[in-house]
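Heads up, the thing below is written out as structure tokens.
Predicted model, so just to flag it, every value in this text is computed and none were measured.
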There are 2 protein chains.
Amino acid sequence: MTKKPRYSRQRDAILEILKNDDGHIEAPEIHRRLRKIHPKLSLATVYRNLAQLESLKKISSIKNDSNINFFEIYREPHHHFVCEKCGGIQNLTYPTINICTSCISPHSNFKINKVATTLHGVCESCNVSQKLLNITKSF
Amino acid sequence: MTKKPRYSRQRDAILEILKNDDGHIEAPEIHRRLRKIHPKLSLATVYRNLAQLESLKKISSIKNDSNINFFEIYREPHHHFVCEKCGGIQNLTYPTINICTSCISPHSNFKINKVATTLHGVCESCNVSQKLLNITKSF
DNA sequence: AGTCTAAATAGTATTGATTCCTACTTAGTT
DNA sequence: AACTAAGTAGGAATCAATACTATTTAGACT
Ligand SMILES: [Mn+2]
Ligand SMILES: [Mn+2]
Ligand SMILES: [Zn+2]
Ligand SMILES: [Zn+2]
């Protein structure tokens with residue numbers, strides 16, 4: 001139905017960055033990295049292509065609590081941990097919880113595209129620096 | 001540790017709106033409703049108090065795909081359905097999945113504050129109007 | 001190989017929910 | 001009644017993301 005998009009050097013480079021990264025990257029970071037080789041690349045182009053790639057299910061995105069969108073190459077569905085302090089995102093390697101999808105199917109007229117389980121809290125490194133701060137405060 | 005906040009007529013009214021609503025409301029909607037009785041209420045005040053009430057666990061919030069924050073009175077933990085078309089949010093009445101919390105606890109230095117499972121898709125009413133649109137297009 | 005056109009891009013302006021700022025007000029303690 | 005830290009109103013600022021527009025380009029078709 002939806003036809004295949006035309007090739008673009010820029011989109012290809014964006015996808016390549018994500019293929020070779022095992023984390024979750026922001027659009028401006030992708031832009032920064034590609035600028036070294038494609039000095040004319042526009043940030044708007046990065047955003048436009050990321051949106052397109054996501055709708056083609058080649059990549060996926062997740063937002064942190066500050067509404068910043070992080071992108072990664074499409075992987076097996078998995079869950080995420082979002083740090084409330086630094087905004088960093090980490091993968092959780094526990095099996096996907098599919099029960100929701102099957103549970104809601106009785107509500108037949110819903111169309112479910114994505115199930116996201118996200119834990120919010122304070123990550124290891126932020127937690128440690130928090131503790132250190134408390135110690136120094138007590139003096 | 002954190003001391004109880006001072007009483008405020010505005011905060012009380014905001015909480016009252018949420019207590020008497022079973023849905024998920026945006027800050028501007030709360031503002032609109034309260035303006036009828038408190039014409040001088042500032043939208044910034046609504047946002048500030050919603051943030052405070054949430055940190056006191058009296059209310060909770062969830063964002064739709066357009067980053068708009070919806071608020072509700074604190075309830076038993078539950079999951080949500082977010083419509084990609086209209087941005088509306090609905091509760092899912094299936095039992096909370098706690099396994100993630102217990103699974104990750106071995107990663108001891110994480111602090112988990114919130115577990116959110118959210119389904120993204122097209123809600124019943126949007127789905128129906130989508131179908132009607134397709135029918136009219138085929139003429 | 002040249003022509004054509006819809007899709008893509010660069011660069012910039014705009015959006016819009018939320019937060020910040022500051023002078024003023026007020027709850028509540030002494 | 002006086003004091004003060006917390007809260008408010010109103011408006012400005014923020015900033016990730018999107019919209020806009022003139023220009024370029026992939027790739028289809030002669
Ligand atoms: Mn991931
Ligand atoms: Mn809810
Ligand atoms: Zn962190
Ligand atoms: Zn909908």
Side-chain angles (χ1 to χ4, degrees), chain A residues 1-17 24-56 58-71 82 84-89, chain B residues 1-17 24-32 34-56 58-71 82 84 86-89:
Chain A
M1 203 71 200
T2 46
K3 77 171 133 175
K4 186 183 166 186
R6 218 174 64 175
Y7 171 84
S8 112
R9 188 188 315 283
Q10 291 87 336
R11 188 188 308 123
D12 210 47
I14 291 164
L15 194 55
E16 208 55 34
I17 290 279
H24 305 82
I25 328 181
E26 299 163 73
E29 171 63 17
I30 294 171
H31 184 236
R32 224 173 288 128
R33 294 193 197 172
L34 287 175
R35 269 286 173 106
K36 293 168 186 168
I37 309 147
H38 302 265
K40 307 208 77 179
L41 178 67
S42 165
L43 181 56
T45 298
V46 175
Y47 277 110
R48 188 173 5 85
N49 279 300
L50 286 170
Q52 192 191 73
L53 288 167
E54 184 167 19
S55 77
L56 294 170
K58 299 209 171 183
I59 65 174
S60 65
S61 74
I62 173 169
K63 292 189 174 100
N64 72 7
D65 292 342
S66 306
N67 286 335
I68 294 174
N69 221 346
F70 290 77
F71 298 88
V82 177
E84 294 162 354
K85 284 266 190 304
C86 68
I89 291 178
Chain B
M1 204 71 201
T2 45
K3 78 171 133 176
K4 186 183 167 185
R6 219 174 65 175
Y7 171 85
S8 113
R9 187 188 315 283
Q10 291 87 337
R11 188 188 308 124
D12 211 47
I14 290 164
L15 194 56
E16 209 55 34
I17 291 278
H24 305 83
I25 329 180
E26 298 163 74
E29 171 63 17
I30 295 171
H31 185 236
R32 223 173 287 129
L34 286 175
R35 269 284 173 109
K36 293 169 186 167
I37 309 147
H38 303 266
K40 307 208 76 178
L41 178 67
S42 165
L43 180 57
T45 298
V46 175
Y47 276 109
R48 188 173 4 86
N49 279 300
L50 286 170
Q52 192 190 73
L53 288 167
E54 184 167 19
S55 76
L56 295 169
K58 299 208 170 183
I59 65 174
S60 64
S61 73
I62 173 169
K63 293 189 173 98
N64 71 8
D65 292 342
S66 307
N67 286 336
I68 294 174
N69 222 345
F70 290 77
F71 298 88
V82 177
E84 294 162 354
C86 68
I89 289 178

In whole Å, what is the span from the NE2 atom of His38(B) to the C1' atom of dT8(D)? 13 Å

Taking the side chain of Arg6(B) as its heavy atoms from C-beta onward, which of dA10(C), dA27(C), dA7(C) lies nearest to it? dA27(C)

Contact nearer the 5' end of DNA chain C, comparing Ala51(B) with Tyr7(B): Ala51(B)

Taking only the side-chain heavy atoms of Ile68(B) (C-beta and beyond), determine which of dG7(D), dA17(C), dG10(D) contains the nearest atom. dA17(C)

Phosphate-side-chain proximity, Gln52(B) and dA6(D), N/O vs OP1/OP2 below 4.0 Å: no

It should be established whether Gln10(B) places a side-chain nitrogen or oxygen under 4.0 Å from OP1 or OP2 of nucleotide dT26(C). no

Rounded distance (Å) that lies between atom C1' of dA10(C) and atom CG of Asn49(A): 13 Å

Side chain proximity check, Ser42(B) to Tyr47(B), heavy atoms < 4.5 angstrom: no

What is the distance from CG of Leu50(A) to P of dA8(C), rounded to the nearest Å? 14 Å

At 4.0 Å (heavy atoms only), tell me whether Pro5(B) reaches a base, stays on the sugar-phosphate, or touches nothing. sugar-phosphate

Answer yes or no: are there more than 12 heavy-atom neighbours, outside Lys63(B) itself, under 6.0 Å from its atom NZ? yes

What's the CG-C1' distance between Asp12(B) and dT26(C), to the nearest Å? 15 Å

How many Å lie between NZ on Lys63(A) and P on dA17(C), as a whole number? 14 Å

Can you list the steps and then say if Leu50(A) with Ile30(A) is a side-chain contact (heavy atoms from CB on, under 4.5 Å)? CA-CA 10 Å; Leu50(A) 286 170; Ile30(A) 294 171; 4.0 Å; yes

Considering all heavy atoms of both residues, which atom of Asp65(B) and which atom of Glu84(B) are nearest to each other, and what is their separation? OD2-CG, 3.3 Å

Whole-Å gap separating P (dA16(D)) and CG (Leu43(A)): 10 Å

Length of the line joining Asn64(A):CG and dA17(D):C1', which is rounded to integer Å: 14 Å

Identify which nucleotide among dA9(D), dG27(D), dT18(C) has an atom closest to any side-chain atom of Asn69(B), counting heavy atoms from C-beta outward. dT18(C)

Out of dG7(D), dA8(C), dA17(C), whichever nucleotide has its closest atom nearest the side chain of Tyr47(B): dA17(C)

Please pick, from dT8(D), dA5(D), dA10(C), the nucleotide with the shortest atom-to-atom distance to any side-chain atom of Thr45(B). dT8(D)

Answer with base, sugar-phosphate or nothing: what part of the nucleic acid does Leu41(A) contact at a heavy-atom distance below 4.0 Å? sugar-phosphate

Would you call Pro5(B) and Leu56(B) a side-chain contact if the rule is heavy atoms closer than 4.5 Å? yes

Closest to the Arg48(A) side chain: dT9(C), dT18(C), dA10(C)? dT9(C)

Out of dG10(D), dA26(D), dA8(C), minimum distance to the side chain of Ser8(A) belongs to dA8(C)

Find which nucleotide of DNA chain C each of Asn67(B) and Arg9(B) is nearest to by heavy atoms, and output the residue with the more 5' nucleotide. Asn67(B)

Do Arg35(A) and His31(A) come within less than 4.5 Å of each other through their side chains, counting heavy atoms only? yes

Nearest of dA17(D), dC20(C), dG28(C) to any side-chain atom of Ala44(B)? dC20(C)

Roughly how many Å is it from CZ in Arg11(B) to C1' in dT8(D), rounded to a whole number? 11 Å

Side-chain atoms of Lys40(A) come closest, of dA10(C), dA9(D), dT9(C), to dA10(C)

Output the single nucleotide from dA7(C), dG10(D), dA10(C) whose closest atom is nearest the side chain of Arg35(B). dG10(D)

